[in-house]
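I have placed the structure first, in the form of C-alpha cells, so that the comments after it can refer back to it.
Being a predicted model, the structure only gives us computed values, none of them experimental.
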Amino acid sequence: MTTVEKLFTEAEVAERLNCSVARIRKLRAAGRLAYLPGRPVLVTERDFNAFVEGEREHLKTLTGKRRKRAKKLLPPEDPPPKGGLSPEFRGWWLAVRMQMLRERQAKR
C-alpha cells in the first residue's frame, strides 16, 4: 500500500511562509527549496518541512539584522494558545511589567 504525500503549490508555500510567490521562485532557483517541475510547480510536504528545519538551523548561526530578516521567512514555531495566556503566566507577567514601570519612574 502506498501513501500519498501532500503537495503544495507555490502560492500555498508562499502563504505558509508569509512571503511572495516571487520569493519562492527565487528560493527554488537558488536550490534552497526542492520542488517537482511542471504546471503547476509543486513542493512536497517533506521538502517543505526539510526547508523549514534547514532554515531554523541556519537561523541559529545568524545574529543581528540578518537574523531578524531571516526569521521573517519562517512560520511561527508554536502558535499561541487559543485561550490566550494562562492566568498564572498573565499574573506573573503583569507583576514583572509593573515592576519595570516603577523602576523607570524612579529613575526620572
Side-chain angles (χ1 to χ4, degrees):
M1 185 161 95
T2 61
T3 59
V4 178
E5 191 168 3
K6 189 164 183 170
L7 299 172
F8 303 116
T9 63
E10 285 181 320
E12 291 170 333
V13 172
E15 184 179 330
R16 285 175 173 256
L17 294 177
N18 196 23
C19 66
S20 66
V21 174
R23 173 82 171 144
I24 300 302
R25 289 184 185 132
K26 287 178 185 177
L27 290 170
R28 281 187 17 233
R32 292 173 55 194
L33 180 61
Y35 65 98
L36 301 172
R39 284 199 180 256
V41 172
L42 299 173
V43 177
T44 64
E45 186 173 27
R46 185 178 343 145
D47 290 335
F48 175 77
N49 291 335
F51 169 76
V52 169
E53 288 306 312
E55 290 298 302
R56 284 200 174 119
E57 287 300 314
H58 179 65
L59 186 65
K60 291 177 184 176
T61 64
L62 299 176
T63 59
K65 288 183 181 179
R66 287 185 178 183
R67 179 181 175 89
K68 189 174 181 180
R69 206 173 321 136
K71 199 171 185 179
K72 287 181 184 178
L73 181 63
L74 296 176
E77 291 195 27
D78 294 320
K82 292 218 181 223
L85 301 175
S86 68
E88 298 84 22
F89 182 78
R90 183 174 170 75
W92 172 82
W93 173 247
L94 289 174
V96 169
R97 183 71 178 141
M98 291 302 293
Q99 181 64 32
M100 290 169 55
L101 289 173
R102 282 189 209 109
E103 289 174 2
R104 188 180 296 161
Q105 288 177 348
K107 288 181 181 178
R108 290 182 188 180

Evaluate I24 against Y35 for side-chain contact (heavy atoms from CB on, under 4.5 Å), listing each step before the verdict.
CA-CA 10 Å; I24 300 302; Y35 65 98; over 6 Å; no

Please report the C-alpha distance between V13 and L33 in whole Å, then the side-chain angles of each, then the deciding distance to 0.1 Å, and finally whether the side-chain contact (heavy atoms from CB on, under 4.5 Å) criterion is met.
CA-CA 10 Å; V13 172; L33 180 61; 4.2 Å; yes

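In the hydrophobic clustering of this structure, V41 groups with L17; members are Ile, Leu, Val, Met, Phe, Trp, Tyr whose side-chain heavy atoms approach within less than 4.5 Å, directly or through other members. L27 and L36 are assigned to two separate hydrophobic clusters, defined by single-linkage of ILVMFWY side chains at heavy-atom distances under 4.5 Å.
In terms of the side chain to side chain contact (heavy atoms under 4.5 Å, CB included) criterion, residue partners of T9 (sequence neighbours excluded) are, by chain and number, A11, E12, P40, L42.
Applying the salt bridge (charged side-chain N to carboxylate O under 4.0 Å, His left out) test to every pair with at least one member in residues 41-53, sequence neighbours left out, gives these pairs: E5-R46, E53-R56.
Summarising the geometry of R16 relative to F48, their closest heavy-atom pair is CB-CZ, 3.8 Å, with the distance given to 0.1 Å.
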